[in-house]
Amino acid sequence: MESVQAIKQRFGIIGNNQKLNRAIEKAIQVAPTDISVLVTGESGVGKESIPKIIHQLSHRKHGKYIAVNCGAIPEGTIDSELFGHEKGAFTGATQTRSGYFEVADGGTIFLDEVGELPLTTQVRLLRVLENGEFLKVGSSQVQKTNVRIVAATNVNMFEAIKKEKFREDLYYRLSTVEIHLPPLRDRSEDIHLLFRKFASDFALKYKMPTIKLTDEATLELLKFRWSGNIRQLRNVAEQISVLEENRTITGQTIRGYLPNATSNLPAVISNTKSESDFSSEREILYKVLFDMKADLSDLKKLTAELMKHGNDKDVQKNNEGLIQKIYGNESDAEYDDTEDDLEILSIPEPSSTSLVDTSNMSALDKYHFAEEIQEEETLSLQDKELELIKKSLERHQGKRKLAAAELGISERTLYRKIKQYDL
Ligand SMILES: Nc1ncnc2c1ncn2[C@@H]1O[C@H](COP(=O)(O)OP(=O)(O)O)[C@@H](O)[C@H]1O
Ligand SMILES: [Mg+2]
């Protein structure tokens, strides 16, 4: 059996905290079995490494490993994502499609944020866990699959059960073994270690000297509550590494990077869900922003066409795809499989404004300033988009199909983005 130390090295896990070691040890112990594991812990504590360790140390390691972020998939499409659908199951289902449970046969599925699963999906999941059976959406033919499930959650499952948001029977089925990762504030011996590791990583990445902390600065890190845990510590290390010219970091400098450092509430009071969840909420907000931007750019294209040609039949015909995309089709609202036309995450590229010939359109000229402002905004949004894409690809080990599904864009769009960002 590989030692905890060797596993840490192999999976890039930093820290010597006893609870962390115990969690890794548990993962090593359960890996060779097919026992379902529930990984618990606040957002940003490093839950995603556990299912990877379990998969890699199991007899399934040559099978597929699929990580699904249950909180990021819209309720209307999640059954189809997980279990697939039959051609004609709903408007837009133009062909039969396999879900993750079919694709991952013989492998492992990591259900991240499992507490977010809709109740109807929970019923399907329970069935798979109980006897390996599932139905594609729109099909009555029972299919079999052999998948190991590791789930993770940062919500209090007992609370969710009490509020009837999560099935109790499913909870017990998922959590045969529970692996809990401690919050960073309870691992104070690891804080400095992690910070130094991140600082040296970012120094390398940005080709700058490594930042160094004064004793007072280190103390500030130890005192802070880290509600976003290691993810938050990493972000702070990155910001300081990039922004601070003076590479010796004082306590005062650090305080400037710690939100509400002065009103750092005691653990009990500030331990609310909204706080521990902030990073995923931020991601969702960015996604909504991207969607809105895409809609806006579509609307602009359409408006420009209308201004140029008026609302005649040809305009409607030539822009059928666009009109459909913007206004949809009532019956299509739930799910649209005609991915080719969809670019939900799309942000107009700098050159895309030239798609519209503005030479004799005085009305549009007026918007030149607005256009420029938008370009700047687009830049920072593009950074965020890049981050989202990178993360999703990472989560799915470079598998574009899965990343595209998670991001809600077509594979073709993702491919274009990968080229655009030179990923
Ligand atoms: N022990 C650790 N050592 C190094 N990096 C870590 C460690 N734990 C977490 N991280 C990093 O922190 C970030 C958040 O981890 P993640 O597994 O996504 O958290 P969670 O899924 O619990 O929200 C990731 O960038 C991850 O690489
Ligand atoms: Mg996570």
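Atom OH of Tyr65 and atom NE2 of His55 lie 8.0 Å apart (nearest 0.5 Å). Of the inter-residue distances, the one linking Ile254 atom CD1 with Glu244 atom CD reads 9.0 Å to the nearest 0.5 angstrom. Within the model, atoms CD of Gln122 and CZ of Phe166 stand 4.5 Å from one another, a figure rounded to the nearest 0.5 Å. In this structure, NE2 on His396 lies 12.5 Å from NZ on Lys401, to the nearest 0.5 angstrom. Here the CG-OH distance, from Leu38 to Tyr172, works out to 12.0 Å after rounding to the nearest 0.5 Å. Rounding to the nearest 0.5 angstrom, the gap separating the CZ atom in Phe134 from the OG atom in Ser139 is 9.0 Å.
Heavy-atom neighbours of Lys19 NZ from other residues, nucleotides or ligands within 6.0 Å: at or below the threshold of 12. The number of heavy atoms from other shown groups lying within 6.0 Å of CD (Gln397) is above 12. The number of heavy atoms from other shown groups lying within 6.0 Å of NZ (Lys64) does not exceed 12. More than 12 heavy atoms of other residues, nucleotides or ligands sit less than 6.0 Å from atom CD of Glu178.
Here the side chains of Ile418 and Arg400 are in contact, with some heavy-atom distance below 4.5 Å. The side-chain heavy atoms of Val114 and Met157, taken from C-beta on, include a pair separated by under 4.5 Å. Residues Arg148 and Thr33 have side chains in contact (heavy-atom distance under 4.5 Å, counting atoms from C-beta outward). Residues Leu221 and Trp226 form a side-chain contact, since some pair of their non-hydrogen atoms from C-beta on lies under 4.5 Å apart. Contact annotation: the side chain of Leu414 approaches that of Leu407 to within less than 4.5 Å [non-hydrogen atoms, C-beta and beyond]. A heavy-atom distance below 4.5 Å is found between the side chains of Leu243 and Tyr257. Looking at Tyr100 and Leu402, their side chains come closer than 4.5 Å, going by heavy atoms from C-beta outward. Residues Leu194 and Arg187 have side chains in contact (heavy-atom distance under 4.5 Å, counting atoms from C-beta outward).
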**OP:** Take Arg255 and Glu220 through the test salt bridge (Lys or Arg N to Asp or Glu O under 4.0 Å) and record every step on the way to the result.
**Re:** CA-CA 7 Å; Arg255 280 194 289 277; Glu220 287 295 334; 2.5 Å; yes

Subject >> Derivation of the side chain to side chain contact (heavy atoms under 4.5 Å, CB included) call for Ile13 and Leu20 >> reply: CA-CA 10 Å; Ile13 300 171; Leu20 172 74; 4.1 Å; yes

Subject >> Residue pair Asp34, Arg60: steps toward the salt bridge (Lys or Arg N to Asp or Glu O under 4.0 Å) verdict >> reply: CA-CA 9 Å; Asp34 266 342; Arg60 297 172 178 271; 3.0 Å; yes

**OP:** Before giving the answer on salt bridge (Lys or Arg N to Asp or Glu O under 4.0 Å), spell out for Arg185 and Glu42 the whole-Å C-alpha distance, their side-chain angles and the decisive distance to 0.1 Å.
**Re:** CA-CA 11 Å; Arg185 79 190 79 87; Glu42 291 178 13; 2.9 Å; yes

**OP:** Take Glu133 and Arg127, measure what salt bridge (Lys or Arg N to Asp or Glu O under 4.0 Å) needs, and give me the verdict at the end.
**Re:** CA-CA 6 Å; Glu133 287 179 359; Arg127 184 164 178 189; 3.1 Å; yes

Subject >> Residues Lys52, Phe110; criterion side chain to side chain contact (heavy atoms under 4.5 Å, CB included); working and verdict >> reply: CA-CA 9 Å; Lys52 286 184 192 150; Phe110 170 43; over 6 Å; no

Original post:
Do Thr250 and Thr253 pass the side chain to side chain donor-acceptor pair (under 3.5 Å) test, and can you show the C-alpha distance, the side-chain angles, and the key distance before you say yes or no?
Top reply: CA-CA 5 Å; Thr250 63; Thr253 311; 2.8 Å; yes

Subject >> Intermediate values then yes/no, side chain to side chain donor-acceptor pair (under 3.5 Å), Arg173 and Ser36 >> reply: CA-CA 7 Å; Arg173 206 72 183 68; Ser36 322; 4.7 Å; no

Original post:
Hey, mind stepping through Asn16 and Asp190 against side chain to side chain contact (heavy atoms under 4.5 Å, CB included) and telling me if it holds?
Top reply: CA-CA 7 Å; Asn16 285 315; Asp190 290 343; 4.2 Å; yes

Original post:
How far apart are the C-alpha atoms of Leu135 and Phe83, what are their side-chain angles, what is the distance that settles it, and do they pass the side chain to side chain contact (heavy atoms under 4.5 Å, CB included) test?
Top reply: CA-CA 7 Å; Leu135 298 173; Phe83 304 103; over 6 Å; no

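Between Leu170 and Leu126, the shortest heavy-atom distance links the atoms CA-CD1, 3.7 Å. What you find for Asn229 and Ser43 is that their closest heavy atoms are ND2-O, 2.9 Å. When all heavy atoms of Gly41 and Lys47 are compared, the pair lying nearest together is O-NZ, 3.0 Å. Taking both residues in full, the closest heavy atoms of Phe224 and Pro259 are given as CE1-O, 3.5 Å, listed atom of the first, atom of the second, then distance. Residues Ile50 and Ala23 come closest through the heavy atom pair CD1-O, 4.4 Å. In this structure, Ile191 and Leu233 approach most closely via the heavy-atom pair O-CD2, 3.8 Å.
Although no hydrogens or angles enter the test, the distance criterion places no donor-acceptor pair under 3.5 Å between the side chain of Lys165 and the main chain of Glu116. At least one donor-acceptor pair under 3.5 Å links the side chain of Asp105 to the backbone N or O of Asn146.
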List the atom pairs, donor and acceptor, that lie under 3.5 Å between side-chain atoms in residues 203-215 and the rest of the protein, sequence neighbours left out.
{"residue": "Tyr206", "atom": "OH", "partner": "Glu238", "partner atom": "OE2", "Å": "2.3"}
{"residue": "Thr214", "atom": "OG1", "partner": "Ala217", "partner atom": "N", "Å": "3.1"}
{"residue": "Thr214", "atom": "OG1", "partner": "Ile249", "partner atom": "O", "Å": "3.3"}

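Taking the side chain to side chain donor-acceptor pair (under 3.5 Å) definition, one finds that Arg22 meets it with Glu25, sequence neighbours left out. Considering only residues two or more places apart in sequence or on other chains, Lys162 meets the side chain to side chain donor-acceptor pair (under 3.5 Å) condition with none of them.
Comment: Arg97 engages Glu81 in a salt bridge, judged by a side-chain N to carboxylate O separation of less than 4.0 angstrom.
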